[in-house]
Each structure stands twice: as structure tokens, then as C-alpha cells.
2 protein chains.
Amino acid sequence: MTRTGNKSRRALPKEVRKEQLIQATIKCIAKHGLSGITLALVTREAGLSMGIANLHFDSKEKLLLETLQHVTAEYAAGQAAILESEDFSSTGARITALLDFDFSPPVIEKNKLAVWFAFLGEAKSRPTYQRACSRQDSMAQMRITELFQLALDEAGDTAADAALLAAGYISLVDGLWLNALVDPRRLPWKKAYRVARHYLASAFAQHIALDKRGLDGM
Amino acid sequence: MTRTGNKSRRALPKEVRKEQLIQATIKCIAKHGLSGITLALVTREAGLSMGIANLHFDSKEKLLLETLQHVTAEYAAGQAAILESEDFSSTGARITALLDFDFSPPVIEKNKLAVWFAFLGEAKSRPTYQRACSRQDSMAQMRITELFQLALDEAGDTAADAALLAAGYISLVDGLWLNALVDPRRLPWKKAYRVARHYLASAFAQHIALDKRGLDGM
DNA sequence: CCCGTGAATGAATGGTCATTCATTTGTTGC
DNA sequence: GCAACAAATGAATGACCATTCATTCACGGG
């Protein structure tokens, strides 16, 4: 229940209400799953009335889609900031930043990951979801490949395949997120982080040290 | 439509009907997703009448659960056969067999993977699904860790961490399956296979060659 | 202070779907 | 053949839920 003490209803700008409903939707998907979600649950979670979801989003389907886009856009923005920033002193620092970002608290937050995988699980049967998931991924994969190629060039490594390494990193992180989310006892977040770091360290030995213990704040 | 020409109904043993319904459920989940599935769709796909699902499974929920168990058990059996077989000439051959199995046609079949990830996507909000998914995974992870430890011992490698490598391999394969399933154009199966092979080759250089081109039958 | 505007409400509506069960139909033992 | 039994059917039932909309209410301009 999110009600912050208000007893009387108040008119608020559309954007505030939409954000409020999207946050409630994220919580509800995490708690009840995509097939258990109802507008009654979402609006109750938001402390609002039944009809409000359709008022601001026209339909349940559009609310779900905007919720997915909200989550993916947030991740894409953070990642793009790292891939495009001018502030990194070295390629190794940039790759490390990418890794740390992928396991930072806002990214591995339980509810958001739950939303992400809930939609992915339905993606192949719903082209709309599939497009929302893939949209920015293609571009990210290209940029990560370029970054990895740069690291290989700096190391004089002509044998390794940057595209293969990038595809592997992306899939590895997806798999780690999924396993840590579903059963954190079998795969604790700290261990997941170390696995990903090890993957990068063995591909870019000159840029990334193996032993640095990160993620201590978890 | 699966009707194989029969026009009149026929009484068949319980097990045959259950199998028939589970196969139809797999197809329907792949086509419509977990939140779009209905008993009408499943029974129509099976060429049977509406009431038959409840007759043999008591409820929709139990049908879904048995379908999940069917898919996981099939995978677990194939994997266990490799991990326990006495017939491998070397540790390297066993690891290679594990890899080839993970990307063999029956395992990467679109419909089965779709079922697997559909349930995983709902797993954190449904303890029943979570248990069905995790049940055998813990044991598999232990056995794979032992296998990897054996390979490290044989290579005289005392620095590497078998548990970390096993967790990484399992998550990597999950991530590769997911990405190849959702968008095979961005990650073709052949490339996914090469990524996984590369992961193992860099961990077990003495046991697994990098360049062998597998998966030509795809 | 009092409207006019539009945000918000929630009871009512209609559609979808799991589940039930009376009936039909095939099978098996005699 | 013929009961007796079990499997299978699908129309009927009732629960649940997205969506609608008449009504209520808060706010700002005059």
C-alpha cells in the first residue's frame, strides 16, 4: 500500500499519475506474475480507484507495455552513459564500469528484474513485447562489440573474436540475473558478479584484474 | 490440429491421453504464452473436447505443472545420462558431450524452450514453479562442478575455481538459449554454440579445442 | 464566492474462461 | 450379443475481470 497519508483525492498532472501507476504495476508483476496481474490489484497498490488505469493508459495492455518500456529505457540509459562517456581514462576502466553497472543495486533490483524476465518469458508469443525487448539491444550489442574490439587491439590480440565475446558477455549476464533472481541461495549476487568478472578477466587479461573483490556493498 | 484422421472418439488409457494433452499444452504455451493459454485452446489443439483436461488433470493448474515437469525431467534425464555414463574415454570427451547435448536439436527445440522460459518468468511469484525449476538443478550443478574439478586436477590447474566455472557455464547456457530463442537473427544457434564452446575451451584448454566447428547439422 | 473544467471514482456491464455433470458412446468380460 | 463399466463429450454454470460512464469532487479564474 503506497498511500502516503492522503485521505481526500487530489487532481495531479497526468505524468505523475502515470509514473505512480507504472511503479505499482512493477510491484504487482513481481508479486503476482504477468498472468496473475489485474487492474484491481494495480490500482489498489497505487491507492487509487479502479477506473484510473484505463483513464490514463486506455487499456491494460498499454499499461503493461509502457511498464516494460519504462524498465528497459532506464537500463539502456545507464548503459549508454557508460558506453558514450568521454570521462574514462582507459578501455579497462570503461569495461569495468560496464560490469559494475550490470550488478549495481538499481539494475539488479528484484522487482525490476522480475518484470524484465516476466515479459521475456512471453516475448516469443507476443511480437509487441519482443520488439520492446530487442529494440535497443541490437545497438547495445554493436557498441559493446566495438568496445571489446578496442580492448583487443590495445592488447595486440588478433586471434580473439570481439563479436563472440560481446554476445557471450550479454548472454552470461542475462543468465546470471535469471539464476540469481530465481534462486539467490544457489547463486548469490556476489558470486554472480565474480563469474561475470572472471569472464571479462580471462578475455581481457591486460585490462581487468581477476582478484579485485567488488560488490562489497551487497 | 493433431487429429490423425479419426472421426469417432475412442477410449484410450489414461497415460496416452495425458501425454497427448501435455504435448498440446507445450504447443499452446509456445504459441500463446502462459497468460494467453486456455483449456479451450489446448483441447482443440489436441482434437479433444473441453472437459477432458479436467477429467485427467483435475485442474488447469495441475496440467500446467505436469507440463513443466515433463519438460524439465526430459532435460534432466539426458544430462544425467552424460554425467553418469561410464563410457567416456576422457574428461574432455564428457565435457564436450555435455556441451553438444545442451545445443542438440531436442534440447533447443523452440517449443520446449518457450515453455521453460515462460515458467521461469513466473517463477519468483509462484513458489510451485520455482520448486519445479530448481529441484534438479541443484544436483546438476554439483555434478558439473565435480566434473570441472576433475578436469582442473588433470590439468594441474590449482588456481581456477570449479564451482565458479560451473555456475558460469550453467548461466551462460541459459542466457544463450534465451537470447537465441527471443531473437535468432541477433544470436543464431550456431553462434550461441560457438560462444559456449569458447567459454569451455578457455577454461579447459587442455581438454577442449577451440576451433572444432560443431553444430553443422543446424 | 461561485462556476466551469477536467481529474477521479466505483458500481454496473458484458465477455471470457475454468469447472461441472448429465448424457452419449465405445470397450470388456461373460 | 449384452450388460456393466469407463471414457469422452460439450452445454450450462458461476466466478472473475477489463472496461464504461454517470456522478462526485477539487481547483483556478473571474
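Just so it is clear: chains get the letters A, B, ... in the order the sequence lines come, proteins before strands, and each one is counted from 1.
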Main-chain N/O of [Y] paired to [X] side chain as donor or acceptor, under 3.5 Å:
X	Y	value
B:Ser171	B:Gly168	no
B:Arg94	B:Ser85	yes
A:Tyr199	A:Leu165	yes
B:Lys112	B:Pro106	yes

OP1 or OP2 of [N] versus the side-chain N and O atoms of [X]: is any pair under 4.0 Å?
X	N	value
A:His56	C:dA7	no
B:Arg17	D:dA7	no
B:Asn54	C:dA18	no

Separation of [N] [atom2] from [X] [atom1] (nearest whole Å):
X	N	atom1	atom2	value
B:Leu64	C:dT19	CG	C1'	15 Å
B:Ile37	C:dT16	CD1	P	18 Å
B:Lys62	C:dT19	NZ	C1'	13 Å
A:Lys14	C:dG6	NZ	P	13 Å
A:Phe57	D:dA18	CZ	C1'	16 Å
A:Lys60	D:dC16	NZ	P	15 Å
A:His32	D:dC17	NE2	P	11 Å
B:Leu39	D:dT9	CG	P	14 Å

Checklist entry - What about the rings of A:Tyr193 and A:Trp177, do their centers lie closer together than 6.0 Å? => result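 Centroid distance A:Tyr193-A:Trp177: not below 6.0 Å, so no.
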
Checklist entry - Given the side-chain rings of B:Tyr75 and B:Phe101, with only the six-membered ring counted for Trp, is the space between their centroids under 6.0 Å? => result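 Ring centres of B:Phe101 and B:Tyr75 closer than 6.0 Å.
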
Sequence neighbours excluded and cut-off under 3.5 Å, please list the side-chain donor-acceptor pairs for residues 48-56 of chain B, or say none.
none

Item to check | From D:dA8, C:dA7, D:dT19, nucleotide with atom closest to A:Leu55 side chain | outcome: C:dA7

Checklist entry - Of the nucleotides D:dA8, C:dT19, D:dC17, which has the atom closest to the B:Ser59 side chain? => result C:dT19

Next on the checklist: Between B:Arg126 and A:Ser35, do the side chains contain a donor N or O and an acceptor N or O under 3.5 Å apart?
Outcome noted: yes

Item to check | Residue pair A:Cys133 / A:Leu120, side-chain heavy-atom distance below 4.5 Å | outcome: yes

Listed pairs, N/O of protein and of nucleotides 10-14 of chain D, under 3.5 Å:
residue : atom : partner : partner atom : Å
D:dG10  : N7   : B:Gly51 : N            : 3.3

Can you check nucleotides 22-24 of chain C for protein contacts, nitrogen or oxygen pairs under 3.5 Å, and list what you find?
residue : atom : partner : partner atom : Å
C:dT24  : O2   : B:Arg9  : NH2          : 2.3

